[in-house]
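Structure first, commentary second.
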Amino acid sequence: MSTPTSPQTDPSILLIDGHSMAYRAYHALPPEKFSTATGQTTNAVFGFVSMLLTALDAEAPTHIVVAFDRGRPQFRLDQHPGYKAGRAKTPPDFHGQVELIEDVLAALRIPVVGLEAVEADDVLATLARLAEEAGVEARIASGDKDAFQLVRPGVTVLYPRKGMTDLVRMTPEAVEEKYGVTPAQYRGHAALVGEKADNLPGVPGVGPKTAAKWLTTYGDLDGILENADDIKGKAGENLRAHVDDVARNYRLNRLLDDVELPLGIADAVRREPDREALGTLFDQLEFAVLGRRVEAVLGAGEGTDVAAAEVPEPVRVDSGSLRHELDAVRATDWVAVATDAAYVLGQGTVDHLALAAGDRVSLIDLTDLDAPATDALSAFLTDHPRLVAHDAKPQLKALWDAGFTGAHADWDTQLAGYLIEPDKRSHDLGDLASTHLGGALPDAPDDAPAADVAARAWAIAQLRPVLAEQLDAHGATGIMEQIEVPVLDILARMETRGIAVDRDRLDALGGEFREQADASAQAAYAAIGHEVNLGSPKQLQEVLFDELDMPKTKKTKTGYTTDAAALADLFARTEHPFLQHLLAHRDRTKLSQTVVGLEKTLADDGRIHTTYLQTVAATGRLSSKDPNLQNIPVRTEAGRRIREVFVPGAGADALLTADYSQIEMRIMAHLSGDPSLISAFLAGEDLHAFVGAQVFGVQTADVTPEMRAKVKAMSYGLVYGLSAYGLAQQLAIGVDEARGLMDGYFARFGAVRDYLSTVVEEARSRGYTETMDGRRRYLPALQSDRRQMREMAERAALNAPIQGSAADIMKTAMIRVDGAMREADLGSRALLQVHDEIIVELMPDEHEAVTDIVRREMAGAASLTVPLDVNVGIGSSWQDAAH
DNA sequence: TAGGGAGCGA
DNA sequence: ACGTCGCTCCCTAC
C-alpha cells in the first residue's frame with residue numbers, strides 16, 4: 001500500500017464521519033461478543049477500527065481526517081427546534097466507546113475535528129470542498145445518507161452495508177442507480193421522502209419512487225414546487241398540504257461546506273502511528289487479531305524503514321579474518337550479539353552469529369570456522385565484558401550446547417524493554433525498533449536467513465544506548481544490572497540442567513488417574529441415564545439446567561457457570577449423585593492431564609527442562625512454561641503424589657526445598673510499618689492465630705480453626721484489594737459479617753489501611769507503583785474515568801509493590817545462593833523456582849553446607865523490619881522434601 | 001485457529 | 001462489579 005510519507009502522484013483524502021460510523025458499528029455487532037475482561041463493551045470500537053482499516057487498505061489515502069459531533073447542531077436547531085427530537089437516547093455504553101475510538105485515533109495520529117454547534121457532516125462537506133479546490137480526491141465514509149448530496153466527480157461516499165467492513169462506493173453513477181436521481185437532486189429527494197431519524201417528516205404517501213419520478217420530470221425541487229398544482233392524485237394533494245415541511249427539510253438537510261475549521265488539507269497528511277500507544281491500547285481492548293491487521297495494513301513502519309535503509313552490509317567473516325574482526329569490535333564499547341539459535345528435538349543449534357558495534361556489522365558462519373577460529377570466538381564470548389543481546393537466554397543455551405560453554409550476556413534489550421514497560425505482552429526486537437528507532441526491522445529474505453541475524457545485531461547495537469538512557473530515566477538501571485542480568489544466566493543454567501523425573505512412577509500415576517477418571521465418568525453417566533461429554537460446559541448446562549432442572553448458577557458470557565464452587569453448591573442443595581461424580585471426574589482428569597503434560601515434556605535425559613519467562617509478569621515475577629512447573633498440585637493428597645515423581649538425578653542424592661514463610665505478609669508489615677503486625681512477626685507467633693486473637697478479641701490459644709481460616713483469607717485478600725463482597729463470597733458468609741471482619745482488622749492494624757490507601761494515591765499522582773528495589777509498574781488506568789478500569793488498576797496498584805518486592809527478594813536470593821554455592825565449590829545447584837520457593841538438587845556430602853547457605857542467603861536477601869523466615873526441607877523427592 | 005471456561009500454583 | 005500474578009487443557013465457533 002502507499003506509504004504515508006512518500007510522495008503520491010494521486011493525493012486523496014479519507015473523511016470519516018466518526019459518530020455515524022461508530023453508531024452503525026454499535027448496532028451491527030452484538031455487544032455480548034465484544035467485551036473485555038474488565039467488562040468494557042467494545043463492539044463499536046471494534047467495528048469502527050475494522051472499518052477504518054478496510055478503508056485505509058482499499059483507498060490508500062494520503063490524507064485523513066475524522067470528524068465527530070460535539071454539542072448540539074445549532075444551525076439546524078435554530079430553524080427547527082424539533083430536529084432529531086424523539087430519537088432513541090444513545091445507549092449508555094456507546095458514549096464511552098466513542099472516547100476509546102478517539103484514543104485509538106490519537107494513537108494512530110489521525111487528526112480529529114469536533115466543533116461545538118457544527119455537525120460532523122458539515123465539517124466533512126467543507127473538507128470535501130477544500131480537497132476539491134486543492135485537487136485532492138475525497139472519499140467520505142459516512143453512515144448518514146445526507147452525505148450523498150456531496151457526491152460528484154472527485155468526491156465519493158463510502159456507505160456501510162451490514163457488516164462494518166463492507167463499504168459501498170457511492171459514485172454519481174451509483175447514486176443514480178440506487179435512487180434514480182442525480183446527487184445534485186438527492187437533497188430534494190430526501191426532503192420529499194423525509195427522514196424519520198432526524199424527526200423530519202416528508203410528504204405522506206411519497207416514497208423514493210414517486211420522489212424520483214417528480215424530480216426527473218421537473219428537474220429539481222423548485223421545479224416541483226412551482227408545478228405543485230399540476231400534480232394529480234392523492235400524492236399531489238399531500239404535497240400541496242406539506243409544502244412547508246418539504247421546504248424546511250430541504251433547508252435542513254443541506255450540508256454546510258463553509259464552516260470554519262481548525263485545520264486544512266495540508267494538516268491531514270497521514271503520519272506514522274504511535275505504535276507503543278497503539279499496542280497498549282489494543283492490549284487493553286483485547287484486540288489481538290485487529291492488532292495484527294493494523295500491522296498488515298499500516299506495515300511495520302513501511303516507508304520509514306530506518307533499519308532496512310540503514311543497516312550496513314555485513315562483513316562476512318571467515319576463519320582467516322575472524323581474529324582481525326574481533327579486535328576491531330573489541331576496541332569499541334558495547335558489542336551486540338545476535339544468532340539464529342534454535343532448538344530442535346531438545347538440542348540447541350546455532351549456525352550463524354553476528355556482531356555489531358557502532359556501524360560495523362560482521363556475520364560469522366559458525367559451521368565454516370576451523371578449530372582455532374572457533375576457540376578465538378569462544379574466548380571472545382567468554383571474556384568480553386560488554387556483550388548485549390536480545391532475549392539472550394535461549395541463545396546462551398544453544399551456544400553452550402554448541403561448545404561455547406563460557407558464552408554470557410551483560411545486557412539484554414528485551415529485559416530493558418520489559419523493565420520500561422512491564423505491562424506489555426511481548427517485547428520483540430521488531431517492536432522495540434519500531435518504537436525507539438522509528439522504523440521496523442527489515443524482513444528476513446527467504447534465501448538469506450543469515451542476513452536477518454546481521455540486521456538484528458545491528459538493531460540491538462542501535463537500541464542499547466537508547467534503552468540504557470530510558471532505563472536510567474525509569475530508575476531501573478540497578479535492577480537490570482544487579483538483578484535481571486545475573487538472574488538470566490542462572491535461569492539458563494537451571495533450564496539446561498532440568499529436574500529428574502521417575503518416569504515409571506509418572507506413567508503409573510497417569511494410568512491410575514486415567515482409570516479413576518473413567519470410573520467417575522461411568523458413574524456420572526449412570527446417574528443421568530446417558531452419556532454426555534463431561535468436558536463440555538455447554539452440554540453440562542443442558543443436563544443440569546434443562547434435563548435435571550436445577551437452579552441456575554452465576555452467569556458467564558455464554559451461559560451459566562459449571563465451575564467447582566457452583567457444582568458443590570448445587571450438590572448441597574440437590575444431593576444429586578451426578579454432581580459428585582462430575583466433580584470427581586474433573587478432579588481426576590485434571591491430574592491425569594497434568595501427568596500427560598509432564599510425560600510429553602520429559603526429555604531423553606530423564607529430566608524435565610521447563611522454560612522460565614523473565615519478561616511477562618508485570619509485577620516482576622517469573623513464569624514457567626512447557627511445562628509450567630509453578631502450578632504442580634500440592635493441596636490435595638492425590639495432587640501431592642505428582643510431586644513424588646520429581647527426584648534427585650544421577651550423581652545427586654536428595655532434593656532440598658527452601659521457601660519463605662509468609663513473605664508477602666512480612667513485606668506488608670515492613671512497608672506499612674504497622675506496629676502490631678511487626679510485633680507479631682518479631683514474636684515469631686502463628687501469624688493468623690495472632691491476628692485472629694486481635695480481631696476477635698480472644699486469647700491466641702482460644703482462636704478456633706474457623707476464626708483462623710477467616711483471618712487468613714482476609715489477610716491475603718487485602719494484598720489483592722479484596723472487597724467485603726469478595727471476602728463474603730469466599731468464606732460463604734454474609735457481606736455484613738465480612739465487613740465486620742475487615743473493620744475489626746483495620747481497627748487493630750490501622751497502619752495497614754493507611755499504607756494501602758497511600759499506595760494507591762501515590763501511584764495515581766506519580767503514575768506508577770514501585771517495589772522496594774525501585775522496580776516500577778506504570779498504571780495509567782488509575783486516571784481512567786471508567787470506573788471498572790480504574791478500580792482494576794487500583795487493585796493492581798495495591799498488589800504490585802508487595803508481589804513485586806517479593807519477586808525482587810527472591811531473585812536476589814537466587815543470585816546469592818548460586819554465588820555462595822559456587823564460591824564454596826559445591827556441585828549442588830538450584831533447579832526450580834516457584835515464586836517463594838527454590839528447589840535444589842543436592843550432591844552427596846553437601847546437605848549441611850547447602851542448607852546453611854540457603855538459609856543464610858535467602859534470609860539475608862533483604863533487610864526488613866521483620867525477619868525473613870526460611871523453611872528448609874530435604875528428601876528423596878520434591879514431595880518428600882516439603883516440610 | 002482463537003477465545004472462553006475451567007482449574008492448578010504463588 | 002466485586003482478589004493479584006501466571007499457564008495449560010478442552011471445547012466450540014469461526
Side-chain angles (χ1 to χ4, degrees), chain A residues 32-40 286-290 292 422-423 425 533-541 554-567 582-583 586-587 589-598 600-601 610-613 616-636 639 642-643 659-660 662-664 713-730 735 738 769 777 786-804 806-807 810 832-837:
Chain A
E32 64 276 6
K33 298 195 79 175
F34 294 88
S35 73
T36 67
T38 64
Q40 170 71 49
E286 298 170 10
F287 285 175
V289 179
L290 221 46
R292 285 192 285 281
D423 274 272
R425 284 262 159 250
N533 186 343
L534 297 174
S536 163
K538 197 175 161 228
Q539 294 183 36
L540 284 180
Q541 286 174 46
K554 215 173 70 177
K555 278 209 169 203
T556 66
K557 272 188 186 175
T558 52
Y560 299 93
T561 184
T562 63
D563 68 18
L567 294 180
L582 172 58
L583 281 164
R586 281 252 178 93
D587 211 46
T589 46
K590 177 75 182 176
L591 292 169
S592 158
Q593 281 164 9
T594 305
V595 169
V596 171
L598 294 175
K600 272 196 274 205
T601 52
T610 183
T611 302
Y612 287 101
L613 301 181
V616 295
T619 51
R621 273 190 176 180
L622 301 175
S623 71
S624 152
K625 67 160 188 159
D626 298 330
N628 183 357
L629 292 185
Q630 290 179 323
N631 71 342
I632 299 302
V634 69
R635 287 171 197 182
T636 63
I642 298 181
R643 292 188 173 221
D659 66 15
Y660 282 117
Q662 295 160 334
I663 187 168
E664 293 194 338
M714 178 167 53
S715 291
Y716 279 101
L718 288 175
V719 179
Y720 305 140
L722 184 64
S723 66
Y725 177 91
L727 183 62
Q729 196 83 20
Q730 190 191 320
V735 177
T769 62
R777 180 173 182 192
R786 288 184 281 276
R787 195 172 81 159
Q788 205 165 341
M789 287 191 69
R790 190 178 61 242
E791 289 183 341
M792 222 167 147
E794 285 170 354
R795 291 191 293 271
L798 286 177
N799 177 251
I802 296 172
Q803 192 181 108
M810 179 48 109
L832 303 179
Q833 187 254 41
V834 190
H835 307 307
D836 66 356
E837 169 185 20

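Only this structure's heavy atoms are used, side chains among them; waters, hydrogens and symmetry mates stay out. Sequence lines set the chain letters: A, B, ... in the order given, protein chains first and strands last, and positions in each chain run from 1.
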N or O in side chain of Arg795(A) less than 4.0 angstrom from dG3(C) OP1/OP2:
no

Tell me the closest heavy-atom pair linking Ala713(A) and Gln730(A), and the distance in Å.
CB-NE2, 3.5 Å

Determine: side-chain N/O of Arg787(A) to OP1/OP2 of dA1(C), distance under 4.0 Å, yes or no.
no

Do Gln730(A) and dG3(C) share a donor-acceptor pair, side chain to base, under 3.5 Å?
yes

Give a yes/no on whether any side-chain N or O of Arg586(A) is located under 4.0 angstrom from OP1 or OP2 of dG7(B).
yes

Should Thr556(A) be listed as having a side-chain N or O under 4.0 Å from OP1 or OP2 of dG5(B)?
yes

Would you indicate what Thr561(A) reaches in the nucleic acid, counting non-hydrogen atoms under 4.0 angstrom: base, sugar-phosphate, or nothing?
sugar-phosphate

When we call it a touch if two heavy atoms are under 4.0 Å apart, what does Val719(A) touch: a base, just sugar-phosphate, or nothing?
nothing

What interatomic distance, in whole Å, is found between C1' of dG3(B) and the corresponding atom of dG3(C)?
23 Å

Residue pair Lys590(A)/Asp423(A) against DNA chain C: nearer the 5' end by closest nucleotide is Asp423(A)

Could you give the distance separating dA6(B) and dC2(C) at their P atoms, to the nearest angstrom?
15 Å

Considering non-hydrogen atoms only, spot the tightest contact between Tyr716(A) and Gln662(A) and give its length.
OH-CG, 3.5 Å

Phosphate OP1/OP2 of dG5(B): any Thr558(A) side-chain N/O under 4.0 Å:
yes

base_contact_polar (dC8(B) base, Asn631(A) side chain, donor-acceptor, <3.5 Å)
yes

Just checking Arg777(A): base, sugar-phosphate only, or nothing, at a heavy-atom cut-off of under 4.0 Å?
sugar-phosphate

